[in-house]
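Read through the structure below, which is laid out as structure tokens, and then see the notes.
Source: prediction; values computed, not measured.
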Amino acid sequence: VGTNNGNGLILFNGTGTFSGNTITANTGFGIFIDSSAANQINNNIVGTNALGGISISNSTGSLIENTVTQNQGVGIFLNSASGNTLSGNTVSENSGQGISDSAGTGNQISNNTIGANTLGGISVSTGSATIDGNIVSGNLSFGISLVSSNSNIISENEISENTSEGIIINGNSNNVSNNSIFNNGAPGVFIASGNNNSILSNSIYNNTSLGIELAAGVNDSQVYPPI
């Protein structure tokens, strides 16, 4: 599915299964889904599309074992989409973020490989998600970023070799536990704003600057732990 003037595959107000397709070189997104439920997007190759790889708006479903690479823009965009499962995907070399989750709740981002994306690995903005078991490595900005986002769970990820922070937190009551965070080009974990964020049982080493850095006044002015 390629070289279309617009999106490659489109679903609006329905239920769909997209499996085993190669979707490239469209002027919009490779896959665009809006106002649909119980969708299955599995084992597709989505690359070199002009607006991004896969866009999911106001919809639910699963994205399993897709390769989303070299798109202009975000690799996978969840826009006001809740209750989705992203697992086993390879999301790499996109010119935006690898995965962007905006204004959604209850999304599960698990066991994906996210690397070499220009604007960062995984971003959650004004929502909450569970991010676990991913390899987030070699992105040309942050590994994982929370923007005005509360009650996220970030656990058991490998977050390494990103050019800036491993994890950036702007929000409250987020839990970061049991991750390996190393060789990033800025602090391993940077809490820029918010309170009641938990950083527990992580392996954080060999990052540029501090392993854990807190901006002034955040986390109820608790100091970072001594080593």
Side-chain angles (χ1 to χ4, degrees), residues 1-2 4 6-24 26-92 94 96-115 117 120-136 144-147 149 151-157:
V1 182
N4 294 290
N7 301 305
L9 297 175
I10 303 171
L11 177 65
F12 181 77
N13 197 25
T15 297
T17 298
F18 300 152
S19 181
N21 301 286
T22 298
I23 306 161
T24 60
N26 300 285
T27 63
F29 283 93
I31 298 174
F32 184 88
I33 295 177
D34 192 1
S35 303
S36 300
N39 304 291
Q40 297 182 43
I41 304 171
N42 305 328
N43 298 297
N44 300 284
I45 298 171
V46 185
T48 66
N49 298 286
L51 292 185
I54 300 172
S55 175
I56 309 293
S57 297
N58 304 296
S59 300
T60 62
S62 62
L63 291 81
I64 309 295
E65 296 185 353
N66 301 281
T67 298
V68 184
T69 185
Q70 296 182 359
N71 296 282
Q72 298 298 312
V74 65
I76 299 174
F77 181 34
L78 302 178
N79 179 24
S80 298
S82 299
N84 292 276
T85 298
L86 282 64
S87 181
N89 301 286
T90 298
V91 185
S92 65
N94 300 285
Q97 296 162 358
I99 297 173
S100 176
D101 180 355
S102 177
T105 59
N107 293 306
Q108 183 90 28
I109 302 172
S110 303
N111 302 311
N112 303 282
T113 300
I114 300 134
N117 299 287
I122 300 172
S123 172
V124 179
S125 177
T126 62
S128 62
T130 297
I131 302 170
D132 67 318
N134 303 282
I135 297 172
V136 185
I144 298 173
S145 176
L146 307 180
V147 181
S149 294
S151 302
N152 292 274
I153 297 172
I154 302 174
S155 67
E156 299 184 351
N157 302 282

Does the [X] side chain pair with the main chain of [Y], one donor and one acceptor, at a distance under 3.5 Å?
| X | Y | result |
| --- | --- | --- |
| Asn107 | Asp101 | no |
| Asn44 | Asn21 | yes |
| Ser149 | Ser128 | no |
| Asn157 | Gly133 | yes |
| Asn134 | Asn111 | yes |
| Thr60 | Asn84 | no |
| Asn66 | Ile41 | yes |

CG of Asn43 to CD1 of Ile64: how many Å apart, nearest 0.5 Å?
->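 Rounded to the nearest 0.5 Å, the CG-CD1 separation comes to 9.0 Å.
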
Which heavy atom of Val124 sits nearest a heavy atom of Asn152, and at what distance?
->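 Result for this residue pair: CG1-OD1, 3.6 Å.
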
Partners of [X] by side-chain contact (heavy atoms from CB on, under 4.5 Å), sequence neighbours excluded?
| X | result |
| --- | --- |
| Gln70 | Thr48, Glu93 |
| Asn13 | none |
| Asn94 | Val68, Asn71, Val91, Asn117 |
| Ser36 | Leu11, Ile33, Asn39, Ser59 |

Take Val74 and Phe29 through the side chain to side chain contact (heavy atoms under 4.5 Å, CB included) test and state the conclusion after the steps.
-> CA-CA 9 Å; Val74 65; Phe29 283 93; 4.3 Å; yes

Decide side chain to side chain contact (heavy atoms under 4.5 Å, CB included) for Ile122 and Asn112; before the verdict, give the C-alpha distance in whole Å, the side-chain angles of both, and the deciding distance to 0.1 Å.
-> CA-CA 10 Å; Ile122 300 172; Asn112 303 282; over 6 Å; no

Side chain to side chain donor-acceptor pair (under 3.5 Å) partners for Glu156, two or more places apart =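 Applying side chain to side chain donor-acceptor pair (under 3.5 Å) to Glu156 gives none.
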
Taking only residues two or more places apart in sequence or in another chain, which ones pass side chain to side chain donor-acceptor pair (under 3.5 Å) with Ser102?
->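 Ser102: no side chain to side chain donor-acceptor pair (under 3.5 Å) contacts found.
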
Any Thr85 side-chain heavy atom under 4.5 Å of Ser110 side chain =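 When only atoms from C-beta onward are counted, Ser110 and Thr85 do not touch, as no gap falls below 4.5 Å.
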
Please report the C-alpha distance between Gln108 and Asp132 in whole Å, then the side-chain angles of each, then the deciding distance to 0.1 Å, and finally whether the side chain to side chain contact (heavy atoms under 4.5 Å, CB included) criterion is met.
-> CA-CA 8 Å; Gln108 183 90 28; Asp132 67 318; 3.0 Å; yes

Polar side chain donor-acceptor pair, Ser92 to Thr69, under 3.5 angstrom |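 There is such a pair (donor and acceptor under 3.5 Å, judged by atom type) between the side chains of Ser92 and Thr69.
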
Is there a side chain to side chain contact (heavy atoms under 4.5 Å, CB included) between Asp34 and Asn58 once you walk through the steps?
-> CA-CA 6 Å; Asp34 192 1; Asn58 304 296; 3.4 Å; yes

Under the side-chain hydrogen bond (donor to acceptor under 3.5 Å, both in side chains) criterion, do Thr105 and Ser82 qualify, and how do the steps go?
-> CA-CA 5 Å; Thr105 59; Ser82 299; 3.3 Å; yes

